[in-house]
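First listed ligand is number 1; within each ligand, the first listed atom is number 1. All of these numbers come straight from a predicted model, not from anything done at the bench.
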Amino acid sequence: MLRVCTLLVLCGVVFGAHHSATTTTTPKPRTDHQIIQDLEHENTNLRRDVEYMKRNVEDLTRQVMLQQTFVEERIRSDGSSGLKQVRVHHAGTRPYYTGDFADSSVAGIHEHSSNIRTIGMGELNVVLNGVEFRTRHNDYRLRMPVTDDKTYNKVKDIPYPDVPPQVLNKATVPEQVAEMREWFKAFKNQDHSVRDYRKYFKPVLCYMEGGWTTNTKTLEEPFFSDRHFIDASSWFDLQDKVRYTSYSGGKSNLENFAYLPTTIMNVVNGTPEYAQWNYRIVCHPLNDDLPTNVFMLQDDLTVRMSRGLKMDQVNNTRLARYTLRARLTARHRDGMSYGWGLLDDLMYQIPGKDNYGVNITDAGLGLTLYDIRQSNPLLPLNTANYHRYYKVEEKDAMGQKNVKRGFSDPNLFAAQTTSAHISPLSMTNCEKHRDQTTHHMVETCTPITERYTWAIPLEVIYMTPLLKWNPYNLHHVYASSGKAIYDVVHGPNGTRNGGLNPEKAYNGTHNKAFYRTPAEFFSTTKAVGADRADTAKGSVGVLDRHGVVRNTMASGTRIVLPAIDGIGRVRTRYPIMPLHNDGNPTKKEVDALKDMVMRMPTYSSLFEEEPTTVSNANALHASQPHLLKVAQTTRDPPGLHSHDVLITQGDIDDMKNGDVIKGLLTSVDNSHQHSIDIRMNQNDEFIIDSCDGMSHCWDGHDNHLTMEY
Ligand SMILES: *[C@@H]1O[C@H](CO)[C@@H](O)[C@H](O)[C@H]1NC(C)=O
Ligand SMILES: *[C@@H]1O[C@H](CO)[C@@H](O)[C@H](O)[C@H]1NC(C)=O
Ligand SMILES: *[C@@H]1O[C@H](CO)[C@@H](O)[C@H](O)[C@H]1NC(C)=O
Ligand SMILES: *[C@@H]1O[C@H](CO)[C@@H](O)[C@H](O)[C@H]1NC(C)=O
């Protein structure tokens, strides 16, 4: 509408100029006939001008559309679908001190374990099928698409696994704790001979799905988070805000802006059809158990070099990134190329925008797409589910051909949908065939229209029985109970802060104060001192139904669980997101070189000249890294969290000489970090001397640091 008016105004100006020009050159009054003739002439000119402009606007609009195609094509050949960059917090003396896909953690993953269903994940810069975009702070929830209901983006909570009856049958809490530990031991050792943990430790695959949507008017929240939302009133407003922060280099303090591009999908009779990019993170409960030996730790040297970490040290941090083995049965082969693999089996369980329970077959380009795993008989591929391979039967050649989606993209999973919320793309497909009666070759052309979305896997999360276990039978206050939840649990004036006495203990739990696991379940060896230990472990007091204070810890999902006596640490989140750089030729060459250099004996035959060994001097002593942990705090806001700080042996030697190490930046947790100065006291303990310029951190961390390694 706006565009038509603009044209008329423009034409009005042209008309006016033309009119005044004719009157000045012909002062003699004109006859009616002349006036009509002149007007008709002008009218014809006007029409011609409007036609000309319409055509030009249409051509220009089309060119703008092709510019987007050009950018996407360029990005597609530069790299693959995958994670590109996270928000960084450090500069450094070498480029690798600044994070890429990992800064404090890979993909900015963190914990909100005191929330019942929240999975912490920061802001990400991602490429999906050539579309580059930036997310808000994600903090997604353990939710899945619905079944037999095609409602766009409709999700439901993923049911949590049960607590083994062998645990529930125990009479006392200490006995339950002891039995529960045995189940975690079985899971950690992947030994289901005595206790079949597979029924109670359930893997879910969380994935990021993106597509061009038709709703360009009102802002659509990509997916619910109980901690973050897009802070803008419309797409237009969001674009302005993101452009402002990119221009100034600033950020939305709560990390609630996203860069989600808008494009022109089509130009119909001069009118552009716009589409808005949107994405979401959802999860899929896997059909079967997934043994943890399918995860291969990736050697990300940027991460290791900047922190001096050994491979086995990375394994238990938030910096670890994994890829899936090619197949369940390829347990002992690290490197191989493959077609349809384990990841394809898992992703093919996941539906696109039509949700679970829908079958779509694609014969768009005249050939039906088949499942590449089956030949006789052929099985049509259900393109409603995410896949990256298909095969077609070539009519004349009598052969079958396997096709991988995407020209050069190894990580492109696509799914078809019928949802009107996804922008379709059309083309005309013409085929020649011989007419049965006339025996002439005839061509039939059919328009085809299809809607696709794309996805990449993000992580596998093992849900554990801790999510449902409530051995103290603590009262859980639900939002629907109609009470002011906060007042009940935290006391009317927030007087209850989780302290270990009846006045300070929380009165029950709620979805954002989800503390139900007995503190004794985890080992207490890391405690700094008797009374400080309670906050250091992140344990809180909660009143049970009889008013007895119970010492509990957060029961929500964690990345790596705190150490359990006799078992150690158990990882429950395995990031497996592919990287944009995976598709970059230089990265491929560097990775090949890295494997050769890191495993010289294995690949010795590939060297052109025999490598000579470097002497194993102790020169690295001073740069030997150490990880200090800032004591956990339960103060809310910002919620249960701690931070990591990396120092070197050199720093420790300096502190032993009485120096204060200044300006160390902690890891980013719960959307903030601290700048701390540390020193050593007479007992060789590490003490925060100053936190953000104050004697104590604003959010209540204890000043004692614990050394992890
Ligand atoms: C990483 O940890 C897993 C499980 O704890 C273990 O099986 C694997 O061997 C470790 N990998 C490395 C490289 O340390
Ligand atoms: C989809 O196809 C599969 C295999 O062909 C079949 O088992 C299933 O019942 C179909 N589902 C629907 C909803 O048609
Ligand atoms: C809460 O605070 C208000 C105002 O400060 C005070 O009047 C009231 O007594 C307090 N209530 C409790 C239970 O402490
Ligand atoms: C704790 O909350 C329950 C309601 O959930 C209430 O009946 C009880 O009186 C509260 N206890 C205390 C000590 O405030």
Colleague: Would you mind running through ligand 4 and noting each atom that sits below 4.0 Å from a heavy atom of H475?
Modeller: 5 (O)

Colleague: Measuring from atom 1 (C) of ligand 4, which candidate in N507, D487, L543 has the nearest non-hydrogen atom?
Modeller: N507

Colleague: For the residue pair F201 and Y462, what are the closest heavy atoms and their distance?
Modeller: O-CD2, 4.4 Å

Colleague: Quick one: CZ on F686 to CD1 on I676, what's the gap to the nearest 0.5 Å?
Modeller: 11.5 Å

Colleague: Taking the cut-offs as 6.0 angstrom to the six-membered ring centre and 45 degrees off its axis, would you call R321 and F101 a cation-pi pair?
Modeller: yes

Colleague: E503 near ligand 4, heavy-atom distance under 4.0 Å?
Modeller: no

Colleague: Is it the side chain, the backbone, both or neither of R545 that has a heavy atom closer than 4.0 Å to ligand 4?
Modeller: neither

Colleague: If we count only N and O atoms by modelled type, under 3.5 Å, do the side chains of S252 and N256 hold a donor and an acceptor together?
Modeller: no

